[in-house]
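Some notes on the structure that comes next.
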Amino acid sequence: VREIIHVNILGNSYDITIDKDLIANVGLEIKKIYSGDKIAIVTDNNVDKIYGARVFDSLINAGFNVYKIVIPAGEKSKCFKVLQKVYEELIAFQINRGNMIIALGGGVVGDLAGFAASTFLRGIPYTQMPTSLLAQVDSSIGGKVAVDLSQGKNLVGSFYQPRAVFIDTQVLETLPERFLYDGMGEVIKYGAFKDKDLFKLLLSLNSKEELLENIGVIIKACCLIKRDIVEIDEKDMGDRMLLNFGHTIGHAIEKIHNYEVFSHGEAISIGMYAITRRSEELGITQRGASEGLKEILEKYELPISFKGQKETVSSIVSSISGDKKNIGKKMNIILLNSIGDGFIKAIYQNEIDDYISLDY
Ligand SMILES: NC(=O)c1ccc[n+]([C@@H]2O[C@H](COP(=O)([O-])OP(=O)(O)OC[C@H]3O[C@@H](n4cnc5c(N)ncnc54)[C@H](O)[C@@H]3O)[C@@H](O)[C@H]2O)c1
Ligand SMILES: [Zn+2]
């Protein structure tokens with residue numbers, strides 16, 4: 001069944017549509033929201049190989065003038081060099097301010113194409129067609145778009161809402177397994193800090209097949225949570241920080257390993273477990289929560305600790321202190337009261353040691 005989630009962010013209102021077969025019918029869907037003629041698809045070479053032609057043909061059949069921009073797959077493409085290539089191709093296609101960009105791919109394509117859309121000619125409309133689980137539950141919603149600098153990830157970006165988000169759940173069948181479970185890290189995060197029923201559902205599934213059978217419901221639950229949060233806190237000054245559950249430690253783990261050992265979902269998985277285990281010890285979190293997290297994370301092949309590595313807590317902390325999300329000397333961490341009930345706690349940066357314990 002088709003699910004439509006309405007998003008209303010300060011003057012920008014649009015729908016997230018979740019369904020099967022959106023890829024094949026994208027032309028008809030775009031017709032409903034866009035009356036211009038030119039459309040530039042931005043995608044990566046992996047996604048292009050599988051879905052590029054289907055999307056292209058559907059748009060052509062709906063009468064659009066279509067041009068495809070294919071970038072190399074991978075985080076390295078979220079950079080100024082590739083961004084400039086995208087701008088150049090948009091110029092070659094003679095895109096104007098009334099035309100539309102479609103971001104077809106994972107979070108890399110979504111962030112890069114979204115940032116290109118937000119800046120090219122001071123902003124042109126764009127549509128998100130997320131194809132990775134992470135992009136479907138997280139990066140395509142909320143309007144954060146960005147590119148990386150060599151000094152760090154997402155350092156140049158903006159808030160720029162799409163005209164529509166089309167989530168075709170069928171495309172997850174071709175997503176490599178590691179990326180599927182990587183996205184499950186974020187899915188579990190939503191359940192852990194906001195949705196006990198989602199958490200229970202995830203615990204009850206026993207295979208990749210069962211997961212994919214239920215993925216529409218799961219994605220909808222995540223989109224609703226993120227929608228509710230970004231509607232009240234588009235610019236990430238308050239409640240949106242809840243989305244960072246597990247991320248302070250997770251980001252540090254990614255950074256220490258040069259983004260090469262752990263995927264984002266794996267790193268936040270360790271982060272969620274570590275902070276919850278500790279806050280349970282401190283009597284803040286209901287007992288048993290960390291065991292619940294351990295069970296669910298292991299079920300989805302996500303790690304809860306580093307194996308055979310000797311990173312010290314202090315090097316993680318120093319890496320955290322460089323986290324751009326810290327304002328002044330205070331910082332916010334996200335803890336659970338219990339599964340399904342997270343909260344934001346403001347602490348002094350020098351207290352962070354108390355909340356991090358990775359020796360288990
Ligand atoms: N804007 C936000 O709010 C936000 C939130 C979270 C993450 N992000 C960003 O998202 C990025 C990570 O996104 P990602 O994990 O989707 O990575 P990705 O875009 O690199 O996609 C992962 C891999 O899967 C392939 N792929 C995608 N969909 C496929 C499909 N259906 N079938 C086969 N292969 C497919 C891609 O080609 C790629 O190789 C990071 O840059 C991160 O900073 C942004
Ligand atoms: Zn994340």
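Counting convention: from 1, in listed order, for ligands and their atoms alike. Heavy atoms only: backbone and side chains are in, while hydrogens, waters and symmetry mates are out.
The side chain of Ala73, and not its backbone, has at least one atom closer than 4.0 Å to an atom of ligand 1 (non-hydrogen atoms only; side chain from C-beta on). Residue contacts with ligand 1, taken as heavy atom pairs separated by less than 4.0 Å, involve Asp111 solely via side-chain atoms from C-beta onward.
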- Chi angles and distances behind the side chain to side chain donor-acceptor pair (under 3.5 Å) call for Glu75, Tyr259: CA-CA 10 Å; Glu75 182 70 27; Tyr259 299 91; over 6 Å; no
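Between Glu280 and Arg277, no side-chain nitrogen of the basic residue sits less than 4.0 Å from a carboxylate oxygen of the acidic one, so the salt-bridge criterion is not met. One finds no salt bridge joining Asp228 and Lys194 here, because no Lys/Arg side-chain nitrogen approaches an Asp/Glu carboxylate oxygen to under 4.0 Å. By the 4.0 Å N-to-carboxylate-O rule, Glu186 lies close enough to Lys189 to be salt-bridged with it.
Ring centroids of Phe93 and Tyr67 are separated by less than 6.0 Å, placing the two rings close together.
The distance from the CD atom of Glu29 to the CG atom of Leu22 is 6.0 Å, given to the nearest 0.5 Å.
Residue contact check: Lys144 has heavy atoms under 4.0 Å from atoms 1 (N), 2 (C), 3 (O) of ligand 1. Near Asp138, meaning under 4.0 Å from one of its heavy atoms, ligand 1 places the atoms 5 (C), 6 (C). Shown in contact with Asp44 at under 4.0 Å from a heavy atom are these atoms of ligand 1, numbered in order with element: 36 (C), 37 (O). Interface of Tyr51 with ligand 1, defined as ligand atoms under 4.0 Å from a residue heavy atom, comprises 31 (N). Shown in contact with Lys226 at under 4.0 Å from a heavy atom are these atoms of ligand 1, numbered in order with element: 3 (O).
Residue, atom and distance of the protein heavy atom nearest to atom 7 (C) of ligand 1 are Leu134 CD2, 3.6 Å. If you check which protein heavy atom lies closest to atom 20 (O) of ligand 1, you get Val108 CG2, 3.4 Å.
Of the possible donor and acceptor atoms, one in the side chain of Ser132 sits under 3.5 Å from a partner among the backbone N and O of Ala135.
Atom NZ of Lys294 is surrounded by 12 or fewer heavy atoms from other residues, nucleotides or ligands within 6.0 Å. The number of heavy atoms from other shown groups lying within 6.0 Å of CZ (Arg287) does not exceed 12.
For Pro176, the closest heavy-atom approach to ligand 1 falls below 4.0 Å. Residue contact annotation: Gln136 has no non-hydrogen atom under 4.0 Å from ligand 1.
For the Zn ion (ligand 2), the set of nearby N, O or S atoms under 2.8 Å includes none belonging to Asp138.
Each of Leu358, Asp354, Asp353 was evaluated against Ile356; a single residue qualifies, Leu358, per the side chain to side chain contact (heavy atoms under 4.5 Å, CB included) test.
Some N or O of Lys78 is nearer than 3.5 Å to an N or O of ligand 1, by distance alone. Of the N or O atoms in Arg240, none lie within a sub-3.5 Å distance of an N or O in ligand 1. At under 3.5 Å, a nitrogen or oxygen of Thr174, whether backbone or side chain, sits near a nitrogen or oxygen of ligand 1.
Remark: among candidates Gly157, Gly107, Gly114, the nearest residue to atom 13 (O) of ligand 1 is Gly107, based on non-hydrogen atoms.
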